[in-house]
A.B. asks: 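Sharing a structure, written as structure tokens. Questions coming.
Starting from 1, each residue takes its place in the sequence as its number.
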Amino acid sequence: MFAELNELLGASVERPEQGTLTLLCADKTDASFLVHHFLSFYLKAGCKVCFVALVQSFSHYNIVAQKLGSSLTAAKERGQLVLLEGLKSANDFLFGQQSQSGEAHPFQFISGDGSDLKALYEFIRKALSPATDGDLWKFPVLMVDNLSVMLSLGVRPRDILDFIQYCRATVSAQLKGNLVVMVQSDDSSEDEQNDLLAKSLHHQSSWVLRAEGLASGFCKDVHGQLTIVQRSSWETKAERDLLRIFQYKIQDKNVAFFARGMSAAVL
């Protein structure tokens with residue numbers, strides 16, 4: 001995880017916030033560093049994590065996690081991490097390698113019209129349900145990288161939103177856990193489905209982290225801009241959302257954040 005990002009969010013592995021939906025948006029840039037941060041953060045915080053990885057392989061996420069001081073292999077072995085590797089699972093389902101448990105395959109929706117996400121939901125619910133002999137973990141967390149991939153698999157925005165609503169009811173409301181989801185978000189894009197998905201999730205989220213490329217183009221010392229939105233809620237009685245904007249530079253094992261125009265390269 002990135003200590004500077006924790007400071008910007010006021011987050012602590014000792015006392016992580018509960019019952020939240022965090023939306024990660026990637027606008028014309030690679031925002032995967034946000035996914036790696038939250039995955040490492042919740043593992044170090046002692047949470048049970050179900051990670052639906054639709055973009056990269058397990059080995060990729062594990063290599064990055066090791067740079068951040070976490071081992072996904074060890075987390076899986078101790079039962080803290082349940083990872084659904086989307087690329088592999090979809091391939092297994094398409095080529096007839098069905099679940100040995102006899103249960104419905106989480107990716108069976110790709111053989112239909114994409115509207116039946118019940119098997120995927122049941123996989124997540126079972127993965128995050130408390131153990132009967134007592135749970136060792138603080139609370140459950142569902143992470144999905146990247147929901148926009150589901151659009152490419154033929155799932156409609158309304159079905160994805162229904163799926164997220166069911167997950168929120170189970171993970172956030174019932175189990176007092178968190179959701180972290182990534183979507184592609186491009187205000188200038190003509191992809192109406194993706195735009196609808198991003199905007200709908202924005203209104204449901206507690207936190208929105210939007211990473212975007214620089215309008216001026218590539219710069220070796222400033223890799224992008226991060227907008228952090230803390231949504232107002234009835235409980236906090238805030239009248240408006242809190243919005244802050246930073247620029248960042250991705251390093252080998254860290255990400256440096258600074259106010260706009262305050263990079264050492266600029267000064």
A.B. asks: Check ring pair (Phe, Tyr, Trp, His ring centres under 6.0 Å) between Y248 and all other residues, then give those that pass, not counting sequence neighbours.
C.D. replies: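 For Y248, the residues satisfying ring pair (Phe, Tyr, Trp, His ring centres under 6.0 Å) (neighbours in sequence not counted) are F33.
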A.B. asks: Only pairs at least two apart or in different chains count here, so list each salt bridge (Lys or Arg N to Asp or Glu O under 4.0 Å) that has a residue in residues 136-151.
C.D. replies: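 Of all non-adjacent pairs touching residues 136-151, none passes salt bridge (Lys or Arg N to Asp or Glu O under 4.0 Å).
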A.B. asks: For the backbone of I250 and the side chain of H223, can you confirm whether one donor and one acceptor N or O come within less than 3.5 Å of each other?
C.D. replies: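 Answer holds: yes.
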A.B. asks: Could you pull out the closest heavy-atom pair between Q204 and Q165, with the gap in Å?
C.D. replies: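 Taking every non-hydrogen atom into account, OE1-OE1, 3.7 Å.
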A.B. asks: Determine the sole option in K126, K118, R125 for which the salt bridge (charged side-chain N to carboxylate O under 4.0 Å, His left out) test with E122 is passed.
C.D. replies: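 Option passing the salt bridge (charged side-chain N to carboxylate O under 4.0 Å, His left out) with E122: R125.
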A.B. asks: If I compare all heavy atoms of L197 with all of P157, which pair ends up nearest, and what's the gap?
C.D. replies: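 Between these two residues, the closest heavy atoms are CD1-O, 4.5 Å.
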A.B. asks: Apply side chain to side chain contact (heavy atoms under 4.5 Å, CB included) to the pair L9 and L209, showing each step before the final yes or no.
C.D. replies: CA-CA 10 Å; L9 299 174; L209 279 67; 4.2 Å; yes
A.B. asks: Using the side chain to side chain contact (heavy atoms under 4.5 Å, CB included) criterion, which residues pair with A75? Sequence neighbours excluded.
C.D. replies: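 Partners of A75 by the side chain to side chain contact (heavy atoms under 4.5 Å, CB included) criterion, ordered by chain and then number, come out as L43, R78, Q80, L81.
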A.B. asks: Taking side chain as C-beta onward, heavy atoms only, is C47 less than 4.5 Å from W137?
C.D. replies: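 Side chain of C47 against side chain of W137, heavy atoms only: no contact under 4.5 Å found.
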A.B. asks: Could you tell me if the side chain of F107 sits less than 4.5 Å from the side chain of L54, heavy atoms only?
C.D. replies: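 Yes. Closest side-chain heavy atoms under 4.5 Å.
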A.B. asks: Heavy atoms only: give me the nearest S71-N62 pair and the separation to one decimal.
C.D. replies: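 Result for this residue pair: C-OD1, 3.9 Å.
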A.B. asks: Would you please test C25 and E212 for side chain to side chain contact (heavy atoms under 4.5 Å, CB included) and show each step?
C.D. replies: CA-CA 8 Å; C25 298; E212 54 190 318; over 6 Å; no
A.B. asks: So does Y166 have more than 12 non-hydrogen atoms from other groups sitting under 6.0 Å from OH?
C.D. replies: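 Atom OH in Y166 is not crowded, with 12 or fewer foreign heavy atoms closer than 6.0 Å.
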A.B. asks: Do L87 and F93 share a hydrophobic cluster (ILVMFWY, side-chain heavy atoms under 4.5 Å, transitive)?
C.D. replies: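 The answer is no; the residues belong to distinct hydrophobic clusters.
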A.B. asks: Nearest 0.5 Å, please: how far is CD in Q230 from OG1 in T20?
C.D. replies: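 Here the rounded value is 10.5 Å.
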A.B. asks: Between D27 and A211 (side chain of the first, backbone of the second, donor and acceptor by atom type, cut-off under 3.5 Å), is there such a pair?
C.D. replies: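 Between the backbone of A211 and the side chain of D27 there is no qualifying donor-acceptor contact (under 3.5 Å).
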A.B. asks: Using 30° and 60° as the class boundaries, would you call the ring planes of F41 and H37 parallel, tilted or perpendicular?
C.D. replies: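 If you compare the ring of F41 with that of H37, the planes turn out parallel.
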A.B. asks: Hydrophobic clustering (ILVMFWY, side-chain heavy atoms < 4.5 Å, transitive) - are L24 and L242 grouped together?
C.D. replies: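 Shared cluster, no.
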A.B. asks: Do L23 and V181 have side-chain heavy atoms sitting under 4.5 Å apart?
C.D. replies: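 Yes. Closest side-chain heavy atoms under 4.5 Å.
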A.B. asks: Which atom names give the shortest non-hydrogen contact between A256 and Q251, and what distance separates them?
C.D. replies: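 Closest heavy-atom pair between A256 and Q251: CB-NE2, 3.9 Å.
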A.B. asks: Is there a side-chain contact between L147 and I164 in this structure, where contact means two heavy atoms from C-beta onward sitting under 4.5 Å apart?
C.D. replies: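 Sidechains of I164 and L147: in contact.
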A.B. asks: Passes side chain to side chain contact (heavy atoms under 4.5 Å, CB included), I228 versus F257? Steps please.
C.D. replies: CA-CA 12 Å; I228 300 176; F257 296 90; over 6 Å; no
A.B. asks: So, do L142 and T170 sit near enough that their side-chain heavy atoms are less than 4.5 Å apart?
C.D. replies: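 Heavy-atom side-chain distance check fails, nothing below 4.5 Å.
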A.B. asks: Could you report the tightest heavy-atom contact between M182 and N146, atom names first, then the distance?
C.D. replies: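 Heavy atoms only, the tightest pair is CG-ND2, 3.2 Å.
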A.B. asks: Is there a donor-acceptor pair closer than 3.5 Å between any side-chain N or O of N178 and the backbone N or O of V141?
C.D. replies: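 Pair absent, no side-chain N/O of N178 close to backbone of V141.
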A.B. asks: How many angstroms lie between atom CE of M143 and atom OH of Y42, to the nearest 0.5 angstrom?
C.D. replies: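 M143 atom CE to Y42 atom OH measures 8.5 Å (nearest 0.5 Å).
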A.B. asks: Any side-chain heavy-atom pair from L151 and Q184 closer than 4.5 angstrom?
C.D. replies: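 No, side chains not in contact.
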A.B. asks: Let me know which of V82, V149, V144 forms a side chain to side chain contact (heavy atoms under 4.5 Å, CB included) with V52.
C.D. replies: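 When side chain to side chain contact (heavy atoms under 4.5 Å, CB included) is applied between V52 and each of V82, V149, V144, only V144 qualifies.
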A.B. asks: Should L5 and L34 count as side-chain neighbours, where that means a heavy-atom distance under 4.5 Å?
C.D. replies: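 In contact.
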A.B. asks: Between F123 and Y121 (judged by ring centroids, cut-off 6.0 Å), do the two rings come close enough to count as a pair?
C.D. replies: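 No, the ring centres sit 6.0 Å or more apart.
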A.B. asks: Does S12 reach the main-chain N or O of E14 with its side chain, forming a donor-acceptor pair under 3.5 Å?
C.D. replies: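 Side chain of S12 to backbone of E14: a pair is present.
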A.B. asks: Is a donor on one side and an acceptor on the other found under 3.5 Å between the side chain of S200 and the backbone of L196?
C.D. replies: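 The answer is yes, because a donor-acceptor pair under 3.5 Å joins these two groups.
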A.B. asks: Tell me, which pairs form a salt bridge (Lys or Arg N to Asp or Glu O under 4.0 Å) where one or both residues lie in residues 158-185, sequence neighbours left out?
C.D. replies: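 Listed by first then second residue: R156-D159.
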A.B. asks: With a 4.5 Å heavy-atom cut-off, do F139 and K48 have their side chains touching?
C.D. replies: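 Sidechains of K48 and F139: no contact.
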A.B. asks: Run the side chain to side chain contact (heavy atoms under 4.5 Å, CB included) test against I245 and tell me which residues pass, sequence neighbours left out.
C.D. replies: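 I245 satisfies side chain to side chain contact (heavy atoms under 4.5 Å, CB included) with Q225, T227, L243, R260 once adjacent residues are dropped.
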A.B. asks: Testing the basics here: between P140 and V171, what is the closest heavy-atom pair and its distance to 0.1 Å?
C.D. replies: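 Smallest interatomic distance, heavy atoms only, reads O-CG1, 4.0 Å.
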A.B. asks: With F38, which residues qualify under ring pair (Phe, Tyr, Trp, His ring centres under 6.0 Å), at least two apart?
C.D. replies: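 Applying ring pair (Phe, Tyr, Trp, His ring centres under 6.0 Å) to F38 gives none.
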A.B. asks: Looking only at the side chains, is there a donor atom on one of S59 and S57 sitting less than 3.5 Å from an acceptor on the other?
C.D. replies: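 There is such a pair (donor and acceptor under 3.5 Å, judged by atom type) between the side chains of S59 and S57.
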A.B. asks: Should I63 and L39 be regarded as members of a common hydrophobic cluster, given that ILVMFWY residues are connected when their side-chain heavy atoms come within less than 4.5 Å of each other, either directly or indirectly?
C.D. replies: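 No, I63 and L39 fall in different hydrophobic clusters.
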